[in-house]
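It should be emphasised that the depicted structure is a prediction, and the values quoted were computed from it without experimental measurement. Order of the sequence lines sets the chain letters (A, B, ...), proteins ahead of strands, with each chain counted from 1.
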There are 2 protein chains.
Amino acid sequence: MKAARFTKGAKNGGRRDDVLEAAAALFATKGYAATSIRDIAQQVGLMSGSLYYHFESKEEILLDSHAKGVEQVTAAVQAALVEAGDNPWDRIGAACRAHLTTLLGPSPFSQVMTPQFPQSFESSLRDALLAQRNSYEQIFRSLVSETALPAGIDPSLFRLSLLGALNWTLTWYRPGGDDSPAFIADNIVNIFRHRLDG
Amino acid sequence: MKAARFTKGAKNGGRRDDVLEAAAALFATKGYAATSIRDIAQQVGLMSGSLYYHFESKEEILLDSHAKGVEQVTAAVQAALVEAGDNPWDRIGAACRAHLTTLLGPSPFSQVMTPQFPQSFESSLRDALLAQRNSYEQIFRSLVSETALPAGIDPSLFRLSLLGALNWTLTWYRPGGDDSPAFIADNIVNIFRHRLDG
DNA sequence: CCTACCGATCGGTAGG
DNA sequence: CCTACCGATCGGTAGG
C-alpha cells in the first residue's frame, strides 16, 4: 500500500528532491533557458508531463532549486560560525570557507544561486530569487559590520567584492586542480584581510 | 548605386554592426539561450531570415559580439595604461577603472564577456570564447606580475579575485545609483591594495 | 505517473 | 534582404 499523497507543496521528499537535484545540476551547467523540462525528466527517469504532478511550472522548479541552494549554503555557513571564535576576521574566514566549499562541492544546488539571471526574468520571479539571496547575504552584511575596516573602505563594497571574488571561482575552478576550495577560500580572505589586521 | 558586397567576413560595417550591437544588448539582458534570432532581427528592423545574409549562425553572432566586447575593453584598458605612470599600483588602478567604466558603460558589447556560459556550450564554441578572453586577461596577468605582492599571496588568485570583484558589479550595479563606475573601481582597487603598499 | 497531444516558437533554408 | 516555409523542440495540459 502506497503512502498517501499530500498537496504539492508538502515537504514530502522522495522524487521531488530527485527532480530538484537533477534540475539544479542542469541549470548550473546548461543554464535555465537552455535546460528543457524533458532534460530534467530524463535525468530522473520520468516523462516530461509527469513533472507537472510534482511542480506547477518550470519556474517553480527553479525557485525551489534556488531555495534549496540558499538553504544549504546558509546551513553550512551558520554551522561554521558556531565553531568559529570571536575574532571578526576568523569569523569572516570561516564563513567564506563554508561558502566556497559548498559552492564548489558536489551538491549542485548552491550553484543555482550565483548566475546573474535576475535581469532576464520577469520581475515577480526575479524578486523572489533576490529575496532568497538577500536573506543569505545578510549574514555577510552582519559579519562585515562587526569587523573594523580602514577608513575609506565602504563595508557594502567590501562585502560585494568579497562575494564577487568567491563566486567568480565558478568561472575558473576545475575540480581536478591542485588547490582545494578550502585553500582557495582562505587565500581569498587573505587578500581581503591584508593590512587590515595591523 | 550600392557599394559592392564582399564576403561575409569582411570588415564591412553598416548593418552588420547594428545587428551585433542589438544582439549584444539582448544577450546581456536575456542571456544567449533566451534570445531568439527573431528578437535580434526585430531590434534592427529585419526579418529573421535576413540575418543569415550577414551571419552563418546564431553562434557566429555570439562569437562576433564577444570579440567586439573584448576589443573594446582591451582598447580602453590599453589607452588608460598609456597615460598611466610607472607605479605598478597606479597601473592596476588605471586598468581597473577602464575595465569597469567600459563594462558598466553604455556599450553592450563588453557585458557579453562576463557571463559564465563557457560550461554550457560545446567545446568548440567555448574554446573560441575562452581564447578571446584569455588574450585580454593577459594584460592583467602582466600587470600583476609587475607588482610586488606580500608573501603568501598567489598572483593568479589575486588577479582572478580582482577581476571577480570587478565583474561581479554587473550583478548589483544599477546606473542610477550614487557611485560612478570610476569611483567603484577605485575603491575596489583600494580594497585589494591595502597594506600591500606599506 | 504515462500517453498523447496542443499551439507556439525555435534556428535555419530555398528561392527569389 | 523578404516570403514562405522546414523539421524539431519548447512548456504545458487532458484524460486516464
Nucleotides 7-13 of chain D: protein proximity per nucleotide (B base, S sugar-phosphate only, - neither; heavy atom, under 4.0 Å): ---BBBB
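Not counting sequence neighbours, A/D127 has no partner by the salt bridge (charged side-chain N to carboxylate O under 4.0 Å, His left out) test. The salt bridge (charged side-chain N to carboxylate O under 4.0 Å, His left out) check on B/K58 picks up nothing, with sequence neighbours excluded. Remark: A/F27 engages A/Y32 in a ring pair (Phe, Tyr, Trp, His ring centres under 6.0 Å) (not counting sequence neighbours). In this structure, A/D179 has no salt bridge (charged side-chain N to carboxylate O under 4.0 Å, His left out) partners at least two apart in sequence or on a different chain.
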Return a table of donor-acceptor pairs under 3.5 angstrom between the side chains of residues 153-162 of chain B and protein atoms on other chains or two or more places apart.
residue : atom : partner : partner atom : Å
B/D154  : OD2  : B/S156  : N            : 3.3
B/D154  : OD2  : B/L157  : N            : 3.0
B/S161  : OG   : B/L157  : O            : 2.8

Anything under 3.5 Å between a donor and an acceptor, one on a side chain of residues 61-71 of chain B, the other on a protein residue two or more places apart or in another chain? List them.
residue : atom : partner : partner atom : Å
B/D64   : OD2  : B/R16   : NH1          : 3.2
B/D64   : OD2  : B/R16   : NH2          : 3.2
B/S65   : OG   : B/I61   : O            : 2.8
B/H66   : ND1  : B/Q132  : OE1          : 2.4
B/H66   : NE2  : B/R133  : NE           : 3.1

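Taking atom CE of B/M47 as the reference point, atom P of D/dC2 lies 6 Å away to the nearest angstrom. Taking atom CZ of B/F55 as the reference point, atom P of D/dC1 lies 11 Å away to the nearest angstrom.
B/L51 comes within 4.0 angstrom of nothing in the nucleic acid, heavy atoms only.
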task: Can you run through DNA chain D from 5' to 3' and write each base as (, ), [, ], | or . depending on how it pairs? Watson-Crick or G-U wobble, both distances under 3.5 Å.
output: ||||||||||||||||
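Sequence neighbours left out, not one pair with a member in residues 77-93 of chain B passes salt bridge (Lys or Arg N to Asp or Glu O under 4.0 Å).
Between the side chain of A/N187 and the backbone N or O of A/F183 there is at least one donor-acceptor pair closer than 3.5 Å.
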